[in-house]
There are 2 protein chains.
Amino acid sequence: MTPPKLLDEAALKERELLIINSAVLLIQTNGIENLTMDKVVVQVPFSKGTVYKHFIGKEDLLLAISNYSIKVLGDLFYRAYQFKGCARSRMLLLNFSYLIYAMLYPALFQCVMCSKSPNVVGKSSEKHINEGELLEVKLMTSIHGIVEDGLNDGSLSLPLNMDIQQICFSNWSMAYGAITLLSGEVEQCSGRTSLIVERELFNHSNLLHDGMGWQPLSKDRNHCAELKTALAELFPEELMQIKAKGRELNFESFS
Amino acid sequence: MTPPKLLDEAALKERELLIINSAVLLIQTNGIENLTMDKVVVQVPFSKGTVYKHFIGKEDLLLAISNYSIKVLGDLFYRAYQFKGCARSRMLLLNFSYLIYAMLYPALFQCVMCSKSPNVVGKSSEKHINEGELLEVKLMTSIHGIVEDGLNDGSLSLPLNMDIQQICFSNWSMAYGAITLLSGEVEQCSGRTSLIVERELFNHSNLLHDGMGWQPLSKDRNHCAELKTALAELFPEELMQIKAKGRELNFESFS
DNA sequence: TTCGTCAGTGACGGTTCGTCACATATTATA
DNA sequence: TATAATATGTGACGAACCGTCACTGACGAA
C-alpha cells in the first residue's frame, strides 16, 4: 500500500521558492523587521495553513531565505575560485565577490546575518538547519581550495601554529568584519565617515595576506590593477547591476 | 514663571537604569528575542505608561541597553590603552579586552549588535541615538590613542594609502569579525569546529599587525607570554568572573 | 477650598502569530 | 458510478504583544 502522493517533489520545491521570493520582495520594500507572515500570505496564492506546511514559523522562513542567499554567494565564490591567476589574487577576488554580493543583494545579506542569531536558529526546523550547514560547507570549499593552491605552488606557507582551516577563517572573518561594518545595511561604526568599503577591504586583505607572507607581497605587485581587470572579466553583469543601482566600485580610492 | 519640576534629573536617571537592568536580566534568562515590554513592566515598580515615558518603544529601550553596554566596553578599552608596555602589545591587549567583554556580557554584546540594525535605529529616539554616537566616539579614542603612540615611538609607520583612521578600523573590524563569528552567541560559521576564539583572535591580530609592519614583529617577540601576564594584571576580576562562568581563556592553544 | 498641572495607571484597540476544525480534491475500492 | 480513505487547502480564532489615551491622584498656587 503506497501512500498516494498527489503533489510531487518538484511542485513543492517550486512553491517553496515562490514563497521565498515573495518574502524577499516584501523585505526589499518594507525592511526585514516589517516582514509579516500575513503579508506573505496575501502575496502568495495559498492560504496561511499551506504556507505553514512549508515553514514551521516566521524564523524558519527567514532561515530558508538565508539558505537561498548562501547558495547565490556560493556561486560567486566558486567562480572566483575557478578564475585564472595566482592564488593570492584569487583570494582577493573572492573577497571582492563577497562585497559584490553584499552590495547587489543587501536584503539577502541581511537575512543571512539575521538568521545566525540564536532565536532564529532555535525556532527553525531541523531540515532547514541541516540544509544551511551543508551550503556553508560548500561555501568554505572555495576558500579552502584557493589556500591549498597557494600551499601547493609554494607562494604560501603556513604561519606558526596555524593550519589551513585557521588561514581560511582568518580571511573569511576579516572580510566579514569589514563588509558588515561598512556595507551600509547596518548602521554600524561611528566614525565610518571617510571609510570606503572597497578600499578598506582591499587594504585589509593586503595587510592580512602580507602578514602571512603570501607571495607576491603587495609591495612587489600591483594587486589593484590586477583585481580591477579580473573583476571586469569575471563579474561584468554584476558590476553593471551595481552601477544600475547608482553605486559603483571606486578603484581610484586605492589605486 | 519656571515650570515646576517635581521630579529631579537624578531620580529619572536612576529609574531609567532600573528599567534597563530589569530588561537585561530578562534577556539573560529568556533570550533577546523574547524580550517583551509587558514582561519588563511587571518586573518594574512602574506601570506601562511610565516605562513609555522613558523609552518611546521597545527598540528605543534596546538602544539604551546598547548604549549602556558600550559604556562598559569603553571602560575596558580605556584600561587597555592606559596600560604599560609597547603600543603593539597594548593593541593586542585591547583586542582581548574586547573578547573578555563578549565572553563576560554576552547578552550586552548581543544587544549592541542588534541595536545596529536599521529597524532598531529607525524606531529609536534622537536622544538615545545621539548618546550612542557619542559613546562610540569615546570607544574609538582608545584605539586611536594606541595607534598614535605607535606612530610617535616609531614602531609603526602608515602603510601606503592608509591613514590613522583606516588603521584603527582595520584592527577593529578584524577583532569584530573574529569575535562575532566565534563568540558562540551567534550560531555562525559552519566548520568552526576546532576553531578557538582566543587563539584565532591572537593569530589574526599578529597577522594584521605583522602585515602593517608594526614592531616588534611576532617572530621577534613572544607576544603570547606578554599578553598573558598583562591580562592577569589588568583584568584579574574579569578573568575570575569568566572562570566562574565555567569558561576560561585557553592560552595553551597558542603559546 | 478650589483650580491647574503633572506623574502615573492599566484597560483597550490594533497587529501579528500559529493552530485547528472543517472543506475540498484526488485516488482507491466496491 | 458510488463510497470510502487520504491528501491538501482554508481562514476564523485565541493568545500574545505593542503602544495609546482617557482617567486618577497628588501636589502646589491662588
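Below, chain A is the first sequence line, B the second, and so on; all start at residue 1.
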* Listed by chain and number, what are the ring pair (Phe, Tyr, Trp, His ring centres under 6.0 Å) partners of B/Phe55, not counting sequence neighbours? -> B/His128

For the pair made of [atom1] in [X] and [atom2] in [N], what is the distance, rounded to whole Å?
X: B/Phe46; N: C/dG10; atom1: CZ; atom2: P; result: 13 Å
X: B/Gln43; N: D/dC17; atom1: CD; atom2: P; result: 13 Å
X: A/Lys53; N: D/dT6; atom1: NZ; atom2: P; result: 16 Å
X: B/Glu33; N: D/dC17; atom1: CD; atom2: C1'; result: 15 Å

* To do: If the plane angle is over 60° it's perpendicular, under 30° parallel, otherwise tilted; pick one for A/Tyr176 and B/Tyr176.
  => parallel

* To do: Quantify the bending of the helix from C/dT1-D/dA30 to C/dA30-D/dT1 as the angle between its end axes, each fitted on five pairs, to 10°.
  => 30°

* **Inter- and intrachain pairs under salt bridge (Lys or Arg N to Asp or Glu O under 4.0 Å), touching residues 64-73 of chain A, at least two apart** => none

* Tell me, please, which residues at least two apart from A/Glu14 pass side-chain contact (heavy atoms from CB on, under 4.5 Å). => none

* **Any donor-acceptor N or O pair under 3.5 Å, side chains A/Ser173, B/Glu200** => no

Could you list the donor-acceptor pairs under 3.5 angstrom formed between side-chain atoms of residues 28-41 of chain A and any protein atom two or more places apart in sequence or on another chain?
residue	atom	partner	partner atom	Å
A/Thr29	OG1	A/Leu25	O	3.2
A/Thr29	OG1	A/Leu26	O	3.0
A/Asn34	ND2	A/Asn30	O	2.9
A/Asp38	OD1	A/Lys48	NZ	2.6
A/Lys39	NZ	A/Asn34	O	2.8

* For D/dT8, does OP1 or OP2 lie under 4.0 Å from any side-chain N or O of A/Arg15? -> no

* **Phosphate-side-chain proximity, A/Thr50 and D/dT8, N/O vs OP1/OP2 below 4.0 Å** => no

* Quick one: CG on A/Leu93 to CZ on A/Arg79, what's the gap to the nearest 0.5 Å? -> 10.0 Å

* In sequence, state the C-alpha distance, the side-chain angles, and the governing distance for A/Phe109 and A/Tyr98, and then conclude on side-chain contact (heavy atoms from CB on, under 4.5 Å). => CA-CA 10 Å; A/Phe109 184 60; A/Tyr98 196 13; 3.9 Å; yes

* Protein proximity profile, nucleotides 14-19 of chain C - base contact B, sugar-phosphate-only contact S, no contact -, cut-off 4.0 Å on heavy atoms -> --SBBB

